[in-house]
Each structure stands twice: as C-alpha cells, then as structure tokens.
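First up is the structure itself, then whatever we jot down about it.
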There are 2 protein chains.
Amino acid sequence: MLTRVLAALSDPIRLGLVRLLADGQERGWGELRAPVAKSTLSHHLKVLRDAGVTRTRQEGTRCFVQLRRTDLDNRFPQLMEALLSVAATDDIGGDVTAARRDAPR
Amino acid sequence: MLTRVLAALSDPIRLGLVRLLADGQERGWGELRAPVAKSTLSHHLKVLRDAGVTRTRQEGTRCFVQLRRTDLDNRFPQLMEALLSVAATDDIGGDVTAARRDAPR
DNA sequence: ACCTTCGTTCGATAATCGACAAACATCGAA
DNA sequence: TTCGATGTTTGTCGATTATCGAACGAAGGT
C-alpha cells in the first residue's frame, strides 16, 4: 500500500535508514547508528519491514538489513529515486550512520 | 520539509484530494466530496495547506483550493509525478470526488 | 436587522505513534 | 552449562492524529 510506505518514510530516522541502505548494500544491525535507544531502532526497522521497504536476514545471532529496492521500483516506479534525491539534498536523517563493520557497539 | 509532505500524503483522503486537484484546476471547497464530516475535511485541507501542498484562496464567503504543483515540482522534483501515477493506478482515495459546480450540498 | 450559507475552530474521544527501560529469547562461545 | 552478545517484545509515558458534532464568525442576500 502506497500510503503505508509514505507513512513509513515520513519519519526522519527511518528515512535516514533508507538513505543509508540506498546503495543496495546489506548492513549489519549492529553497524547502524541512530540517536535513539536500541528498542526504538528495532521498532523503526520493524515499521520499514512491515511496510515492505526493507528485508531482514538472520544469520546466527545477528541480522542484516537490506533495502528492497527492486521490489519498490517495480511497485512504485520513480518514487524511491525522487525521494532519495530530495532526502540527500536536504540531508534528512543525516544523523543515521553506519559504523565500521568491526567497530564496538 | 519532505517528511512533512510525506506525512500529509500518507492519508488516503488527503491523497484523494491531491489526485482530484492534480489537473491544476482550482476547486471550490463546496464541490469537494469526501466520506467524512465537513469539520474533518476542513482539518485535512489544513494539513495539506500547512505542509505546503495546497493553496487556498478566499473569495467572499467561499474559498477555492488549488494544488501548488509548480512549487512542489521545484522543491521535490519528480515526486508528485511518481506519487500521482501510483495513486491513480491503485485508485487511492477514489472516494474523494468533486460535485458539479452548481450541485446542491 | 435578520437569516442563510460557508468554512473554521472548539471540545471530546479513541486510536496511533515515538520514545525509553526492562525483561525476554536465542544463539555462540567459554 | 553458564555466560555474554544480539535483537525483539512488553509496558508505559506523553504527544499527535482522525473523527465527530456543536458552536462560532464572516459575508451576502432578503
């Protein structure tokens, strides 16, 4: 549902997460750095997952998040491109980053 | 703010209103037909106005609503185009219509 | 002046949301 | 098997949201 996706992306932190994943690279949950508690981050990732924006893969005790770019592009042509472009220009969710893969939490 | 616009458009009724106004034509408030009370409709129009999506012109005792298409296209290139295309395909907010200009309320 | 129309604003209510800490579940390592 | 690391779930808080009906204020018409 389009409205679901728009609601999911109408939060700066979630949009920041999407920006971070925009290169198509899978990211480890533990790499993600956002100015919220981990339970809140888990919540945001669940919202994105439930809206069909991201996919989560579990591997042992840790999991990896990925943007469902091709699915989104099929269902909502041009939308992510337009969105990511504006979000980058305005640096929305710029406080969401990724730590080095071997960085301590 | 992008997130503000996304939040504004994440409601089916508001997206329906935007679809209705997508042709650039100005519409009389009284023409608008949505399955909500008039106070609720007023609220939705205020949300769209405050997000910079629409403009309202008052003329005497009635007012006219218009999509700020060129402003939106300048600020958020390609966004409305992508959004309106998907919304049309999925018929989101299809229960929002416009009555004939001389129709009774 | 009075009434009507039009849209906004005001409460009220129920639902949802973002945030946190704390408890929990799972899995690998020691 | 005990421990530690990793995410999720739960409970709670305050803020926001969608909705309604009713009251309101501004114009215009009678």
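Naming: A, B, ... by sequence-line order, numbering from 1 per chain. Because the structure is predicted, anything quoted here is derived from the model rather than measured.
- Pairing each heavy atom of A:C63 with each of A:T56, the nearest pair is CB-CG2, 3.9 Å.
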Starting at the 5' end of nucleotides 24-30 of chain C, put B wherever the base has a protein heavy atom under 4.0 Å, S where only the sugar-phosphate does, and a dash everywhere else. ---S---
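- The heavy-atom pair separating A:M80 from A:V18 by the smallest distance is CE-CG1, 3.7 Å.
- If you take CZ of B:R57 and C1' of C:dC6, they are 15 Å apart, rounded to a whole angstrom.
- Annotation: proximity of residues 13-20 of chain B to DNA chain D (heavy atom, distance under 4.0 Å) is found for B:R14, numbered in ascending order.
- Listed by first and then second residue, the side-chain hydrogen bond (donor to acceptor under 3.5 Å, both in side chains) pairs that reach into residues 79-92 of chain A are A:R19-A:D91, A:D90-B:R75, sequence neighbours excluded.
- What separates CZ of A:R27 from C1' of D:dT6 is a distance of 19 Å, to the nearest Å.
- The shortest heavy-atom contact between B:P77 and A:V86 is CD-CG2, 4.2 Å.
- Of the charged side-chain nitrogens involved, at least one lies within less than 4.0 Å of a carboxylate oxygen, so that A:E59 and A:R57 count as a salt-bridged pair.
- Contact check, B:W29 against C:dT8: a side-chain N or O comes under 4.0 Å of OP1 or OP2.
- Residues from residues 39-51 of chain B lying near DNA chain C, meaning a heavy-atom separation below 4.0 Å, are B:S39, B:S42, B:R49 in numerical order.
- When all heavy atoms are compared, the tightest approach of B:V53 to B:L72 is O-CD1, 3.8 Å.
- Rounded to whole Å, the distance from CZ on B:R62 to P on D:dG29 is 10 Å.
- Atom CG in B:D95 sits roughly 15 Å away from atom C1' in D:dT19 (whole-Å rounding).
- Listed by chain and residue number, nothing satisfies the side-chain hydrogen bond (donor to acceptor under 3.5 Å, both in side chains) test with B:D95 (two or more places apart in sequence, or in another chain).
- No chain of hydrophobic side-chain contacts below 4.5 Å, direct or via other Ile, Leu, Val, Met, Phe, Trp or Tyr residues, connects A:V47 to A:L20.
- Nearest approach of B:L45 to B:L32, heavy atoms of both residues: CD1-CD1, 3.9 Å.
- Following chains of ILVMFWY side-chain contacts shorter than 4.5 Å, one can reach A:V36 starting from A:L48, so the two form part of one hydrophobic cluster.
- Screening residues 5-15 of chain B for side-chain hydrogen bond (donor to acceptor under 3.5 Å, both in side chains) gives B:R14-B:H44 as the qualifying pairs, with residues at least two apart or on separate chains.
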